[in-house]
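Everything quoted here is computed from the prediction, not taken from an experiment. Counting starts at 1 for both ligands and their atoms, following the listed order.
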Amino acid sequence: MGNFIKENLEITLELFRKMKMIRLTEEMIADKYCEGKMRCPTHLYTGQEAIAAAVCSVLRQSDFVVSTHRSHGHYLAKGGDLKKMIAEIYGKVTGCSKGKGGSMHLINKGVGFMGSTAIVGGTIPIAVGLGLSIKLHKTDQISCAFFGDGAIEEGVFYESVNFAVLKKLPVLFICENNLYSVYSHLNVRQPEDRRIYKMVQGMGCPSMYGDGNNVLQIYEKVKSATYLIRQGKGPFFFEFKTYRWKEHCGPNYDNNLGYRSEDEFIFWKKRDPICYLEKQILKKSVISKNEIEKISKSILKEIEEAFEFAEESPFPEQNDIFKNLYGEYV
Ligand SMILES: Cc1ncc(C[n+]2csc(CCOP(=O)(O)OP(=O)(O)O)c2C)c(N)n1
Ligand SMILES: [Mg+2]
C-alpha cells in the first residue's frame, strides 16, 4: 500500500478528501439535527466512507450509480452537489429533489447519480435496467448499485443478479455488509456459515470479498473489476465488510439499546477508515499534517456554506405539490 500512496498521490488525496467530506458533512447534520429544521429521517453513513469514496473514485462521471436509504456518501463521492443535498434534507425548493424527497431520495443525473430510494433492494433492478440500456447503446459505461446486507434478503436481488449474468450486463454490485439490518445481526437472518459473496459466485457472477474499511484495497480491487466489466465480461459483485457507527436512523449512538455490544463498536471505531488512510499518508511523508488540516478546513468551509444556502432557501410552493422534478404535473 505504501507504494500505492507514493505512486498515486493525487488519487490518494482524492480518496481522503471524499471520505473527509462525507464524514464532516454528516457530523454537521448530526450536530444540527436537534434544531428540528431537518424534518426527514437521516441514515448516517459514518464509518462506511471508504467504500463510497473508493468505488466512486474508480468510476467515471459518465458511469451510473444508484443507492439506498443510506445514500449521502454515495451521492457525494460520485460528485453530487453538496448544496443541493443539504437543501434537500432541509426540504427546500433548491434541493436536488426540489425539497420533496429528503435524505433518502437524492439525485444528480449530471454526474451519473441516478437516484436513491428507501425501499430495501428497490434500486438494484434499476441498476440492472441501466446496465441493459448501456449494453443496447454499446458504450463502455458501468452501472453500479450500492446496497446493504439486508438487500440480500429481498427476492428482487436474485432476479436482478440472474438477469445481469444471463445478459452479461455491465453492472457492478456493491454490497456493504455492516452486519446489521436495523437491529438484527446477520446471525439471526442468514445461516451461520453462509458467505454472501460465495453464494453470489454460485449464481455465475464473479464475486470478491474485501475489507470495507481499507480504502486503498477497495480502490485496487474495484479497479480490476471495472476493467473486466468494460471489456464486456458481464457483472461483478463485491461484498465489503464494514460497520455503521451511529444508530440505524438518526444522529445519535445507540449502543445502550443492547442489540450490539460496546466492545464490538469500539473494535470498529478503532478501525476508522479515515484515520487509517491519514496514518498511511503521514507515514510515507508525502504531505504534512499541516497540509492535511488545510484540506479539512477548506472542506468544512464548503459545508458551512452549504448549510447557509439551505437555511436561506425557500420551501417549495404549496401549488407545486403535484409537480415532478421537471415541473410536470403527475
Ligand atoms: C422492502 C423493505 N423492507 C423493509 C424496510 C425497512 N427498512 C429500512 S432500512 C432497513 C435495513 C436495511 O438493512 P441493510 O440493507 O443492511 O442496510 P443498512 O441500513 O445496514 O445500511 C429496513 C429493514 C424497507 N425500507 N423496505
Ligand atoms: Mg446492513
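Residue-ligand proximity, V182 to ligand 1, at heavy-atom distances under 4.0 Å covers atoms 10 (C), 11 (C), 22 (C), 23 (C).
Given atom 6 (C) of ligand 1, the protein heavy atom at minimum distance is V120 CG2, 4.6 Å. The single protein non-hydrogen atom nearest to atom 25 (N) of ligand 1 is A118 O, 2.9 Å, given as residue, atom name and distance. Residue, atom and distance of the protein heavy atom nearest to atom 11 (C) of ligand 1 are S181 OG, 3.3 Å. Residue, atom and distance of the protein heavy atom nearest to atom 21 (O) of ligand 1 are R70 NE, 2.8 Å. Of all protein heavy atoms, the one closest to atom 15 (O) of ligand 1 is G150 N, 3.1 Å.
Using a 4.0 Å threshold on non-hydrogen atoms, atom 23 (C) of ligand 1 counts as touching the protein.
Side chain to side chain, Y259 and D254 meet the donor-acceptor criterion of an N or O pair below 3.5 Å.
The Mg ion (ligand 2) has no N, O or S atom of S181 under 2.8 Å away, backbone or side chain. The Mg ion (ligand 2) has an N, O or S atom of Y180 closer than 2.8 Å. At a cut-off of 2.8 Å, E176 does not coordinate the Mg ion (ligand 2) through any N, O or S atom.
Between atom 19 (O) of ligand 1 and the options H69, E154, Q48, the minimum heavy-atom separation is to H69.
R23 and E49 make their closest contact through NE-OE2, 2.6 Å (heavy atoms, listed as atom of the first residue, atom of the second, distance).
Ring geometry, H74 versus F146: the interplanar angle falls under 30°, so the pair is classed parallel (tilted spans 30 to 60°).
Minimum-distance N/O/S atom of D149 relative to the Mg ion (ligand 2): OD1.
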